[in-house]
Novice: 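I'd like to ask some things about the structure below.
Chain letters run A, B, ... following the sequence lines, proteins first, then strands; residues in each count from 1.
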Number of protein chains: 2
Amino acid sequence: MAELNPTAASLLGFLHGGPASGYDLVGIAEAVIGDFWSLTRSQVYRELADLASRGLIRAQPAGPRAKRPYELTDAGREAFAAWIAEPPGPEQIRYPLLLALSFGSLIDRDRLLGYVGTHRVIHERRLAAYRDVKAAGGRDQYVRATIAFGIRYEEAVLAWIADLPSILTAE
Amino acid sequence: MAELNPTAASLLGFLHGGPASGYDLVGIAEAVIGDFWSLTRSQVYRELADLASRGLIRAQPAGPRAKRPYELTDAGREAFAAWIAEPPGPEQIRYPLLLALSFGSLIDRDRLLGYVGTHRVIHERRLAAYRDVKAAGGRDQYVRATIAFGIRYEEAVLAWIADLPSILTAE
DNA sequence: ATAGCCATGTAACCAGTTACATGATTTC
DNA sequence: GAAATCATGTAACTGGTTACATGGCTAT
């Protein structure tokens, strides 16, 4: 039995909450893990087709608008359990702003600072949004834990941006 | 003229420092941008072949061990300038530990805490390594700025991990 | 009835990873 | 002359993105 990739595994994870269609799953995934695990519609449909062909999920009779909910099978539950029993790998960060910054000596200084300013606004908004979610309370403790990560992360980025002038004007 | 992808663009960026072979570039990239922009050998050789076919770089006569250094062409310099003049996109984070945590209700609690502990050690080591680099000083201000990011980031992750028990024992 | 959104999916491409394969040079 | 390592690259696959295409349902 081939291994699950994390994206497929997360679909199985969400199906523990009951049957859902591809469309539903895209929405759930964006809301719950979208901040640190991106996925696209195409990918979801492809993985669902693959999971179904491997017997890990089963299509239910189509509902209105050809909505095709999938349900977990016992094999799917087992495959998820096997996946989650493996230690999670290291995180991957790809940050184009840092890439641009690495080549700071080849960029016009004002342009570079403009990029940083744009990102500062983005991170301020995200931090505010996370704080709103946190203040609203609710959700399960695990989702709250991921939001706590988001808050720490955004705070760190903003602190770093605040530090930048003193790093970049030196010399 | 098709756009450059960030990986190809970074190769052009490094070639501003003088001719370098694929092997050299892998080493430089890992050292300078590896913490927030991963790339593999295969990718580098493929991008170099592509850049050469587009006239953005030019192979120099091979040295010992078939070492084939490439140099920037004027067109390459222009292409890099055009790339860097575009605002950098949003960062992408893919963090399997957060994914596992999202499904915390489906995991044995001790196992989950074990995963977190493993990552705490990893982040502690990385933070220490960044601080060593910082203390050693030197390098250009832009590289120092990316290291400052790394320090802020690792500190944030560790602070979050320290918070976790209070988030997860509630309820 | 028609406009807008819901919901599905396919196709083509591009980027990233892993595994394989080879030969030259240096060091002992 | 053997072992280690430097340096190159190819092949095959997997995963991720973008663009395209279609039709059903709902609200007005």
Side-chain angles (χ1 to χ4, degrees), chain A residues 1-12 19-31 33-54 57 59-70 83 89-96 99, chain B residues 1-12 19-31 33-54 57 59-70 83 89-96 99:
Chain A
M1 175 71 70
E3 295 269 308
L4 288 173
N5 66 46
T7 300
S10 71
L11 298 178
L12 293 182
S21 69
Y23 190 86
D24 296 336
L25 288 167
V26 171
I28 294 169
E30 264 169 20
I33 59 173
D35 293 319
F36 50 85
W37 200 268
S38 69
L39 36 69
T40 62
R41 226 161 14 108
S42 283
Q43 232 180 318
V44 168
Y45 286 115
R46 184 164 58 189
E47 295 295 348
L48 286 174
D50 183 58
L51 289 169
S53 79
R54 292 162 67 181
I57 60 177
Q60 293 185 324
R65 294 184 194 196
K67 190 185 185 85
R68 197 189 338 274
Y70 287 92
W83 174 77
E91 82 268 40
Q92 272 190 297
I93 298 184
R94 307 201 110 206
Y95 203 162
L99 204 53
Chain B
M1 176 71 70
E3 294 269 308
L4 288 174
N5 65 46
T7 299
S10 71
L11 298 179
L12 293 183
S21 69
Y23 189 87
D24 297 335
L25 288 167
V26 171
I28 295 170
E30 264 168 20
I33 59 174
D35 292 319
F36 50 85
W37 200 268
S38 70
L39 37 68
T40 62
R41 225 159 18 108
S42 284
Q43 232 180 318
V44 168
Y45 285 116
R46 183 164 60 191
E47 295 296 348
L48 286 175
D50 182 59
L51 289 169
S53 79
R54 291 161 68 183
I57 59 177
Q60 293 186 323
R65 294 184 195 199
K67 191 184 185 87
R68 199 192 333 277
Y70 288 92
W83 173 78
E91 81 269 40
Q92 273 190 298
I93 298 185
R94 308 199 109 207
Y95 202 162
L99 205 53

Novice: Identify all side-chain donor-acceptor contacts of residues 34-44 of chain A below 3.5 Å with residues at least two apart in sequence or on another chain.
Specialist:
residue: A:Asp35; atom: OD2; partner: A:Tyr130; partner atom: OH; Å: 3.3
residue: A:Trp37; atom: NE1; partner: A:Thr7; partner atom: OG1; Å: 3.0
residue: A:Thr40; atom: OG1; partner: A:Gln43; partner atom: N; Å: 3.4
residue: A:Gln43; atom: OE1; partner: A:Thr40; partner atom: N; Å: 3.2

Novice: Any base atoms under 4.0 Å from A:Gln92, or only sugar-phosphate, or nothing? Heavy atoms, all strands.
Specialist: sugar-phosphate

Novice: I'd like to know if A:Arg68 reaches the base of C:dG9 with its side chain such that a donor and an acceptor end up less than 3.5 angstrom apart.
Specialist: no

Novice: For B:Leu25 and D:dC6, what is the distance between atoms CG and P respectively, to the nearest whole Å?
Specialist: 17 Å

Novice: Separation of B:Tyr23 atom OH from D:dT10 atom P, in whole Å?
Specialist: 18 Å

Novice: Closest-nucleotide mapping onto DNA chain D: is B:Tyr45 or A:Arg46 further toward the 5' terminus? I mean the 5' end.
Specialist: B:Tyr45

Novice: If you round to the nearest 0.5 Å, how far is CG of A:Leu11 from CG of A:Leu25?
Specialist: 5.5 Å

Novice: Measure from CD1 on A:Ile28 to C1' on C:dA7 and round the result to the nearest Å.
Specialist: 15 Å

Novice: Rounding to an integer number of Å, can you tell me how far B:Gln60 CD sits from D:dA7 P?
Specialist: 16 Å

Novice: What integer distance in Å separates A:Leu48:CG from C:dA7:P?
Specialist: 15 Å

Novice: Rounding to a whole Å, what distance do you find between B:Leu99:CG and D:dG15:C1'?
Specialist: 15 Å

Novice: Shortest non-hydrogen contact from A:Gly22 to A:Leu48?
Specialist: CA-CD1, 3.5 Å

Novice: How long is the straight-line distance from CD1 of B:Ile33 back to CG of A:Leu99, given to the nearest 0.5 Å?
Specialist: 5.0 Å

Novice: For the pair A:Arg54 and A:Asp50, find out whether any cationic side-chain nitrogen is under 4.0 Å from an anionic carboxylate oxygen.
Specialist: yes

Novice: Provide the closest heavy-atom pair for B:Ala52 versus B:Tyr70 in the form atom of the first, atom of the second, distance.
Specialist: CB-CE2, 4.1 Å

Novice: Tell me the interatomic distance from B:Glu3, atom CD, to D:dT17, atom P, rounded to whole angstroms.
Specialist: 18 Å

Novice: If you take all heavy atoms of B:Gln60 and B:Pro19, which pair is closest and at what distance?
Specialist: OE1-CB, 3.4 Å

Novice: Using a 4.0 Å heavy-atom cut-off to protein, can you give one letter per nucleotide of nucleotides 18-23 of chain C, 5' to 3': B if the base is in contact, S if only the sugar-phosphate is, - if neither?
Specialist: BBB---

Novice: Measure CD/B:Glu47 against C1'/D:dT8 and give the value in whole Å, please.
Specialist: 17 Å

